[in-house]
Amino acid sequence: MSNPYDVAVIGLGAMGSAAVSFLAARGVRVIGFEAASPAHGLGSSHGDSRLIRLGYFEDPSYVPLLHRAYENWRGLETRLRERILNITGVLQIGKPDSKIITGTRASCNMHNLSCDELSAAQMRKRFSVFGLEDDEIALLDPQGGWLKPEAAIWGYLRLAAADGAALHLGEKVNEITPDDNGVNISAGGQKYRANRVIVATGSWISQLVPALNAIANPIRQVVAWYRPANGFACDPLRMPAFLRDDGDNCSAPFGFGVFAA
Ligand SMILES: Cc1cc2nc3c(=O)[nH]c(=O)nc-3n(C[C@H](O)[C@H](O)[C@H](O)COP(=O)(O)OP(=O)(O)OC[C@H]3O[C@@H](n4cnc5c(N)ncnc54)[C@H](O)[C@@H]3O)c2cc1C
């Protein structure tokens, strides 16, 4: 007997909302579940800003995926007729031998990406707000910028619904049980069946996929907003988005100047 859905997507944050939308647009019979109201403040995809970079310092192998991501963000904007991606440039700041600088340079060289190097003295003239140490430099990725995650999630969900996806919002999935013919899904006291399942429950993934317990646990991340002093406008020409290597392997402070358009 065939299942009523080809794919069930569990969790409709940044990942799940995009997944339901792309599947529905291809005519796949898709059902999506979100435990809370979409884009809520306890997940990872809330707020109005997420950094995007093309010259990815983490590894050059991400760059083709990023080209595809940029295409998809532009595609989403076209369908929604709404601005989601703001290109401001991203400054990647650190000592010349830091991971952020060496990694960004490697990605840019391998993929022939534009990447302007600025000394501390040049930075003081052009982007005085950053106050670099004498032994730091910056690489400017002109294609970097920031995305609006909540607008993206709501946009993807609107498109998914318009393309025929069944969306169950405020409905937590309690259990998934695969068998030879698909997957059983228990949610909100009901049972559902699909051929396949995508678990996109972010940092809660180990509740449904216990094998990930050792590596995925929710933690709190603190975001701070500062009101600029003396009428300093967060104009990208004066303050592009930035990422700074502070020598700590686990974190690199980053931020954006967001201004009322
Ligand atoms: C403060 C902060 C800043 C960040 N900055 C950046 C950045 O600048 N650039 C960047 O690229 N990345 C950034 N990230 C990372 C990026 O935001 C995340 O990788 C991304 O949002 C993850 O999306 P997700 O869909 O996997 O998870 P989430 O957005 O957390 O979505 C998971 C969803 O699953 C739902 N769910 C959980 N359990 C169930 C269940 N059993 N049944 C149904 N639904 C369920 C949750 O309610 C949630 O809505 C940042 C993350 C944080 C927290």
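First listed ligand is number 1; within each ligand, the first listed atom is number 1.
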A.B. asks: When the ring planes of His40 and Trp204 are compared, do they come out parallel, tilted or perpendicular, using 30° and 60° as the limits?
C.D. replies: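 Aromatic pair His40/Trp204 classed tilted.
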A.B. asks: May I ask you to identify, for Ser203, whether its side chain, its backbone, both or neither come under 4.0 Å of ligand 1 on a heavy-atom basis?
C.D. replies: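 Near ligand 1, Ser203 shows nothing, with every heavy atom at 4.0 Å or more.
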A.B. asks: Could you find the nearest protein heavy atom to atom 27 (O) of ligand 1 and give me its residue, atom name and distance?
C.D. replies: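 Protein heavy atom at minimum distance: Gly202 CA, 3.7 Å.
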A.B. asks: Does an N or O from Gly16, backbone or side chain, lie closer than 3.5 Å to an N or O of ligand 1?
C.D. replies: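 There is no such contact.
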A.B. asks: Of all the heavy-atom pairs spanning Trp225 and Ser49, show the shortest one and how long it is.
C.D. replies: CH2-OG, 3.6 Å
A.B. asks: Is the closest N or O pair between Ala14 and ligand 1 shorter than 3.5 Å?
C.D. replies: yes
A.B. asks: Out of Gly13, Gly188, Ser44, whose heavy atom sits nearest atom 18 (C) of ligand 1?
C.D. replies: Ser44
A.B. asks: Name the closest protein heavy atom to atom 32 (C) of ligand 1, giving the residue it belongs to and the distance to 0.1 Å.
C.D. replies: Ala200 O, 3.5 Å
A.B. asks: Search all heavy atoms of Lys191 against all heavy atoms of Ser186 and return the closest pair with its distance.
C.D. replies: NZ-OG, 3.1 Å
A.B. asks: Does the side chain of Pro38 come within less than 4.5 Å of Leu12's, by heavy atoms?
C.D. replies: no
A.B. asks: Should Gln221 be counted as touching ligand 1, given the test is an N or O pair under 3.5 Å?
C.D. replies: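 Gln221 vs ligand 1: no N/O contact under 3.5 Å.
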A.B. asks: Test side-chain contact (heavy atoms from CB on, under 4.5 Å) on Val173 and Tyr192 and set out the steps.
C.D. replies: CA-CA 10 Å; Val173 170; Tyr192 303 87; over 6 Å; no
A.B. asks: Touching ligand 1 at all, Lys172? Heavy atoms, strictly under 4.0 Å?
C.D. replies: yes
A.B. asks: To the nearest 0.1 Å, how far is atom 41 (N) of ligand 1 from its closest protein heavy atom, and which atom is that?
C.D. replies: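 Of the protein heavy atoms, Val173 O, 3.0 Å lies nearest.
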A.B. asks: Starting from atom 34 (O) of ligand 1, locate the nearest protein heavy atom and write down its residue, its atom name and how far away it is, to 0.1 Å.
C.D. replies: Gly11 CA, 3.2 Å
A.B. asks: Output yes when the distance from some N or O of ligand 1 to some N or O of Ala35 is under 3.5 Å, and no in every other case.
C.D. replies: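 Such a contact does occur with ligand 1.
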A.B. asks: Tell me the closest heavy-atom pair linking Glu82 and Ala151, and the distance in Å.
C.D. replies: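 Answer, listing the atom of Glu82 first, then Ala151: OE2-CB, 3.6 Å.
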A.B. asks: Asp141 versus Thr104: any side-chain heavy-atom pair under 4.5 Å?
C.D. replies: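 A side-chain contact is absent here, since even the closest heavy-atom pair is not under 4.5 Å.
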A.B. asks: Output the list of atoms in ligand 1 that are nearer than 4.0 Å to some heavy atom of Gly43, sorted by atom number.
C.D. replies: 30 (O)
A.B. asks: Is the shortest N/O to N/O distance between Ser45 and ligand 1 below 3.5 Å?
C.D. replies: yes
A.B. asks: Would you mind telling me if ligand 1 is within reach of the side chain of His40, the backbone, both or neither, using heavy atoms under 4.0 Å?
C.D. replies: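 Within the 4.0 Å criterion, His40 contacts ligand 1 through side-chain atoms alone.
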A.B. asks: Regarding Asp59 and Ser61, do their side chains bring together a donor and an acceptor under 3.5 Å, going by distance alone?
C.D. replies: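 Short answer, yes.
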A.B. asks: Should one rank Ile52, Val90, Leu51, Thr201 by closest heavy-atom distance to atom 11 (O) of ligand 1, which comes out on top?
C.D. replies: Leu51
A.B. asks: Regarding atom 35 (C) of ligand 1: of the candidates Glu34, Met15, His168, Glu175, which has the closest heavy atom?
C.D. replies: Glu34
A.B. asks: Show the nearest heavy-atom pair for residues Asn181 and Asp179, with the distance to one decimal.
C.D. replies: N-OD1, 2.9 Å
A.B. asks: Out of Arg220, Arg50, His46, who is nearest to atom 16 (C) of ligand 1 when you count heavy atoms only?
C.D. replies: Arg50
A.B. asks: Going by salt bridge (Lys or Arg N to Asp or Glu O under 4.0 Å), Asp6 matches just one of Arg29, Arg26, Arg193. Which one?
C.D. replies: Arg29
A.B. asks: Using a 4.0 Å cut-off to any heavy atom of Ile10, which atoms of ligand 1 qualify?
C.D. replies: 42 (N), 43 (C)
A.B. asks: What part of Val223 sits under 4.0 Å from ligand 1 if we count only heavy atoms: the side chain, the backbone, both or neither?
C.D. replies: side chain
A.B. asks: Can you see which heavy atom on Ala138 is nearest to which on Ile93, and at what distance?
C.D. replies: CB-CG1, 4.0 Å
A.B. asks: Would you kindly specify which portion of Trp146 sits under 4.0 Å from ligand 1, judged on non-hydrogen atoms: side chain, backbone, both or neither?
C.D. replies: neither
A.B. asks: So do the side chains of Arg53 and Gln92 get within less than 4.5 Å of each other, counting heavy atoms only?
C.D. replies: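 Side chain of Arg53 against side chain of Gln92, heavy atoms only: contact under 4.5 Å found.
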A.B. asks: Restricting to non-hydrogen atoms, name the atom on Ala165 and the atom on Ala24 that form the minimum distance, rounded to 0.1 Å.
C.D. replies: CB-CB, 4.0 Å
A.B. asks: Would you say atom 20 (C) of ligand 1 has a protein heavy atom nearer than 4.0 Å?
C.D. replies: yes
